[in-house]
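Contents: one structure, followed by commentary.
Note that these values count all heavy atoms, side chains included, but never hydrogens, waters or copies made by symmetry. Chain A is the first sequence line, chain B the second, and so forth, proteins listed ahead of strands; every chain is numbered from 1.
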Amino acid sequence: MEIVVCVKPVPEAETRLRVAADGARLDAEGVKFVLAGYDESAVEQALLLKEAVAGSTVHAIALGPAPRTEEVLRAAVALGCDKASWIEVPSGGSDDPLDAARILAAAIRGLPHDLVLCGKQAGDDESGLVAGALAEALGVPGFGYVVDLRWDAARSRFTFHRAVESGQESWECPGPIVIGLQQAWNDPRTAKLPAILKSRKATITKIAASGAAASVATPEKFELPAPRTGAKMIEYRTPQEAAEKLVRILREDAKVFP
Amino acid sequence: MPEFSLTPDQESLRDLARKFARTEMAPHAAECDRTARFPEEIYRKAYDLGLMNLNVPTEFGGSGLGLFEQCLIVEELAYGCAGMTTSIIANCLALEPILLGGSPEQRRRFLTPFCASYQLASFALTEPSGGSDAGAIRTRARRDGDAYVLEGEKCFITNAPHASLYTVFATVDPERKHKGIAAFVVPRSAKGVSPGKDEEKMGHRASSTGTVRFEGVRVPAEDRLGEEGDGFSIAMRTLDQTRTPIGALATGIAQAALDLAAAYSLKRETFGKPISEHQAIQIKLANMAQAVHAARLLTWHAAWTIDHGGKGTLESSIAKCFASDAALDVADEAIQTFGGYGYMKEYPVEKLLRDAKLTQIYEGANEIQRTVIARELLRAYQ
Amino acid sequence: MSRRTLVVGEVRQGHLADVSLEAAGRAIELTEPTAVVGFVAGSGAEAAAGEFARVGIADVRWTDAGSGSDASAGRIAPTVAALAREIEADLVIVGGTTFGRDLAGALAIRWDAVSATGVTDVRREAGAIHVRRPVFGGRATETRRLAGPRVVLALRPHAFAVPSVTPTTVRTSGFAFVEPAPSWREAKLLALEPAAAGGGPALADASIVVSGGRGVRAPENFRLVEELAASLGAAVGASRAVTDAGWRPGTFQVGQTGKAVSPQLYIAVGISGAIQHLVGMVSSRVIVAINSDPSAPIFRVADYGIVGDLFQIVPALTAEIRRVRGP
């Protein structure tokens with residue numbers, strides 16, 4: 001099985017967000033970009049399928065500027081991806097997820113793919129647009145919010161579940177398909193030290209960017225919430241008093257229920 | 001020119017250790033400290049990730065890292081929990097004599113099977129009658145045909161109750177002092193080896209420390225490292241290698257204390273403003289930051305010196321001594337910054353002080369380090 | 001007069017979902033009721049189509065899902081694109097559910113549009129759409145300018161109110177299903193297992209969420225959290241510590257690797273507030289934390305805090321809520 005997994009460098013979860021001088025975007029100065037969150041789950045899912053289906057290849061692909069994009073691809077290789085391709089786009093270029101999807105689709109069309117995996121959304125912009133857009137651009141079925149993706153070898157079909165508002169859907173679909181992953185049903189693995197050292201020497205193939213029109217989405221403002229001043233602490237002598245005070249506040253001040 | 005920035009390779013190793021320390025170690029640090037639990041599941045994970053036998057070359061199944069990279073990893077691990085770190089890096093200390101004193105055949109024979117699975121080893125040098133005075137070892141090794149018979153007791157041995165392998169230092173002739181000491185590799189399974197129970201310690205409570213008794217233990221002569229009189233030199237050269245990571249371990253404790261104190265100072269208010277706006281606290285934090293920074297750079301320098309072929313005795317003693325003193329000071333000041341809360345076990349800072357204390361004592365007490373520093377220093381003036 | 005806006009609705013248990021009415025309400029405010037067209041697809045679409053009348057939309061199209069059994073977003077995207085073209089829409093608005101967000105990506109490609117999801121505010125100004133949306137798990141907000149000519153928006157659930165207007169008379173008409181790529185024919189929805197075994201609302205949909213963490217200490221104590229949730233008609237969530245320990249299944253998990261929620265009220269019981277949890281709930285409107293540790297990070301993001309023994313506080317709170325709201 002030929003598996004393509006799309007990854008994106010995102011600021012690590014502990015990053016202290018700051019506003020750039022133009023007021024329109026995140027100040028990336030000094031920010032550490034990592035392979036994280038849903039993308040880690042997508043890589044884990046790819047590796048689990050690779051382990052389950054003999055002869056599979058996992059190809060990690062990412063677009064973005066140096067050096068962060070190359071770093072997340074090395075992280076993907078350290079986790080067990082067989083190949084890595086980097087579509088280099090300059091820093092400060094379009095951050096529109098649909099542009100990203102168009103460029104990725106153009107690149108993936110040239111690669112063997114039975115399955116294209118991505119996180120259901122990126123941990124930074126949280127758009128969640130890429131999986132659906134990629135599928136439509138590639139002309140194949142696409143599904144977001146997927147958990148527990150498996151390959152039914154006897155019937156040559158993928159089976160998976162989707163966690164949606166009304167419950168859990170069960171699906172089957174032959175490849176090629178695009179899957180946006182909610183989270184792996186297993187914890188994403190951690191790369192081992194020898195694999196990390198080996199990944200430093202891995203070949204990262206460069207692919208030229210193509211397929212995106214001039215973006216019509218432009219960031220205007222990036223704002224941080226006023227610092228939360230911390231909770232208003234409820235003073236009480238008995239648990240009953242604490243409960244009464246809280247309920248009164250929730251009804252009368254916060255008005256969250258009548 | 002010296003290079004102070006890390007290479008991408010070094011950064012990725014540090015990131016691995018940082019992630020492991022913060023996600024696997026730190027969440028269990030308080031519990032293991034409180035109950036003195038030896039979290040073997042965490043050590044097993046550290047082994048699986050390649051964070052355990054850091055100094056063993058890859059050809060024997062270790063991670064094959066230089067001292068500088070080891071230090072980067074150890075500092076990060078210690079940030080998560082110093083006690084667990086002591087147990088994780090105990091293998092480096094215990095296996096170093098085999099790397100330094102073993103023949104190529106012995107290295108292969110001992111290290112390859114050992115590193116192939118999760119196992120712990122202990123460095124058995126210290127005895128009840130004396131720690132830093134290694135020349136005064138009383139454990140006897142009597143030659144008996146093609147074997148030696150070991151008789152004696154070692155104490156304060158890290159991981160002793162859990163180890164499957166011991167590197168043991170014993171004298172073949174007490175009269176010969178240093179020159180009578182020999183080093184042996186002894187499996188836990190050998191008849192007559194009996195580890196004692198865990199000691200109750202002030203700090204590093206996730207680590208395990210205990211005695212090991214050797215009662216008529218037969219060790220084949222082929223399991224002796226080097227010649228009969230080489231033991232002392234092997235022990236000293238081992239400690240020359242492993243002293244610098246203790247500087248890194250102490251730096252990790254100090255960094256954790258500084259981070260906690262700085263974060264707390266921003267949210268704790270007295271006299272109508274955060275205590276970070278009081279000059280008394282600012283001076284504390286500034287001094288703590290200087291100590292942490294200096295400790296790290298001294299450690300990096302010592303590691304760099306040894307990695308570049310230098311002996312590094314002076315540099316590693318300075319690093320270990322300074323960083324461990326700094327760790328105690330910084331942890332102390334962190335408690336002071338927290339005030340009464342800092343003294344409470346509910347908060348994580350008092351543990352750092354207890355953990356820091358050991359770094360002044362083990363792997364050569366700081367008094368010995370200062371003796372070494374003075375000796376090396378004065379040599380230049382003689 | 002501006003061009004038209006298409007609102008894509010979603011059928012839930014035979015009715016138009018609240019998020020669809022929220023989307024319709026916002027569409028009307030951006031243009032005017034007569035310029036808004038409603039659309040629903042799938043089984044029950046024809047009946048649900050009429051419910052757009054509740055928010056004052058008179059022109060509604062519907063389709064069954066063609067040859068397939070389901071109305072999943074990717075399958076109906078070509079139909080939505082065709083309708084948008086036919087009515088000469090320049091804006092498509094959808095509720096930002098799993099369906100809406102999946103649809104937005106596919107539709108944007110099919111209709112050659114620009115798109116934003118998770119939108120909490122939208123205005124039309126100088127020929128462009130400007131949207132505000134939380135990013136970084138609610139730790140920041142971005143404003144983007146989307147210069148058309150075609151825009152697809154998925155609105156964050158519960159960010160907008162369902163408008164209360166005088167219902168209008170609705171005219172519904174069928175719209176021909178446009179087949180998606182041939183490979184969709186073999187995609188099969190086998191089953192739908194309804195959520196919320198406990199009878200409460202689904203986590204992502206709920207306007208109140210009560211979550212429990214490590215502080216509840218044992219799986220059997222989790223019932224305290226569930227009873228509090230039941231008293232409020234709330235959904236039950238959990239921190240990763242709880243799902244990792246197997247006290248509750250992974251579907252309960254709120255946070256970075258679980259679900260992101262943004263209810264009107266979020267009550268964190270015995271949750272210390274690791275950053276991975278906070279990113280999943282910090283954009284809730286009102287946050288209440290109950291924890292024994294006064295230094296727990298959860299109190300830094302909470303609006304109201306109670307430091308104390310949850311085993312005493314939570315039952316008292318449940319009793320008090322039952323008293324004021326009735327059993």
Side-chain angles (χ1 to χ4, degrees), chain A residues 13-14 17 37 41 96 98 101 124-133 135-137 139-145 162-174 183 185 216-224 228 230-234 239-240 242-244 246-247 249-250 254 256-257, chain C residues 12 73-74 77 97-98 101-102 104-106 108-110 114-115 117-118 135-136 139-147 181 183-184 186-195 202 204-205 251 256-257 264-265 275-276 286 289 299-306 308 312-313 316-317 320-321 324:
Chain A
E14 298 77 11
L17 303 177
S41 293
D96 183 18
L98 290 166
D124 50 359
D125 67 41
E126 302 187 334
S127 84
L129 288 166
V130 171
E136 182 63 35
V140 302
F143 301 89
Y145 306 92
R162 295 182 71 226
V164 300
E165 288 77 4
S166 47
Q168 178 155 290
E169 296 175 351
S170 303
W171 283 85
E172 63 169 33
C173 187
Q183 71 183 110
W185 71 95
V216 290
T218 39
E220 288 187 309
K221 204 187 267 183
F222 187 83
E223 298 163 276
L224 302 177
R228 292 234 185 196
K232 179 183 185 311
M233 297 312 239
I234 292 168
Q240 286 68 28
E244 283 162 23
L246 179 61
V247 169
I249 287 168
L250 292 179
V256 288
F257 56 79
Chain C
R12 201 89 55 77
T97 55
T98 55
R101 286 163 55 121
D102 269 3
I109 293 293
R110 185 78 178 202
V114 64
S115 179
T117 58
V135 291
F136 288 97
R139 292 193 294 142
T141 309
E142 68 165 15
T143 306
R144 289 173 94 77
R145 177 175 183 274
L146 308 174
S183 51
W184 271 98
E186 294 199 69
K188 293 213 163 54
L189 174 59
L190 304 174
L192 171 65
E193 188 183 312
D205 263 357
T251 50
Q256 192 166 36
T257 52
Q264 293 290 308
L265 172 62
I275 183 78
Q276 289 77 6
V286 176
F299 287 122
R300 292 210 287 278
V301 302
D303 298 285
Y304 303 101
I306 298 179
Q312 292 186 15
I313 303 287
L317 189 56
E320 176 65 10
I321 289 165
V324 300

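The choice from Gly308(C), Ala181(C), Ala77(C), Ala140(C) that makes the most heavy-atom pairs within less than 4.5 Å of chain A is Ala140(C). Of the listed residues (Arg110(C), Glu142(C), Arg145(C), Gln312(C)), the one with the most heavy-atom contacts under 4.5 Å to chain A is Arg145(C). Your options are Ala104(C), Ala108(C), Ala106(C), Gly74(C), and the one with the most heavy-atom pairs under 4.5 Å with chain A is Ala106(C). Top candidate by heavy-atom pairs under 4.5 Å with chain C, chosen from Ile234(A), Leu98(A), Asp124(A), Val247(A), is Asp124(A).
Taking 4.5 Å as the limit, every side-chain heavy atom of Pro219(A) sits out of range of all side-chain heavy atoms of Thr143(C). Within the 4.5 Å cutoff, no side-chain heavy atoms of Tyr304(C) are placed close to those of Met233(A). Contact check for Lys232(A) versus Asp303(C): no side-chain heavy atoms found under the 4.5 Å cut-off. Contact of the Leu190(C) side chain with the Trp171(A) side chain is not registered, since no non-hydrogen atoms from C-beta on lie closer than 4.5 Å. Side-chain atoms of Leu146(C) and Val216(A), non-hydrogen and from C-beta on, never get closer than 4.5 Å to each other.
For Ala289(C), no part lies near chain A; criterion is any non-hydrogen pair under 4.5 Å. For a residue to count as touching a neighbouring chain, one of its non-hydrogen atoms must lie under 4.5 Å from one of that chain's; by this rule Ala13(A) touches chain C with backbone and side chain alike. Contacts of Ala135(A) with chain C are absent, with no heavy-atom separation under 4.5 Å from either backbone or side chain. For a residue to count as touching a neighbouring chain, one of its non-hydrogen atoms must lie under 4.5 Å from one of that chain's; by this rule Val114(C) touches chain A with backbone and side chain alike. Contact of Arg12(C) with chain A is made through the side chain alone, with heavy-atom distances under 4.5 Å.
Side-chain contact check for Ser170(A) and Glu193(C): no donor-acceptor pair (N or O, by modelled atom type) lies under 3.5 Å.
A salt bridge does not link Glu172(A) with Lys188(C): none of the charged nitrogens is closer than 4.0 Å to a carboxylate oxygen. Contact check on Arg162(A) versus Asp102(C) returns a salt bridge, with a Lys/Arg side-chain nitrogen under 4.0 Å from an Asp/Glu carboxylate oxygen.
Of the inter-residue distances, the one linking Asp96(A) atom CG with Arg144(C) atom CZ reads 6.0 Å to the nearest 0.5 angstrom. One finds the CD atom of Glu165(A) at 4.5 Å from the OG1 atom of Thr97(C) (value rounded to the nearest 0.5 Å).
In terms of modelled atom types and a separation under 3.5 Å, the side chain of Thr117(C) and the main chain of Ser127(A) share a donor-acceptor contact.
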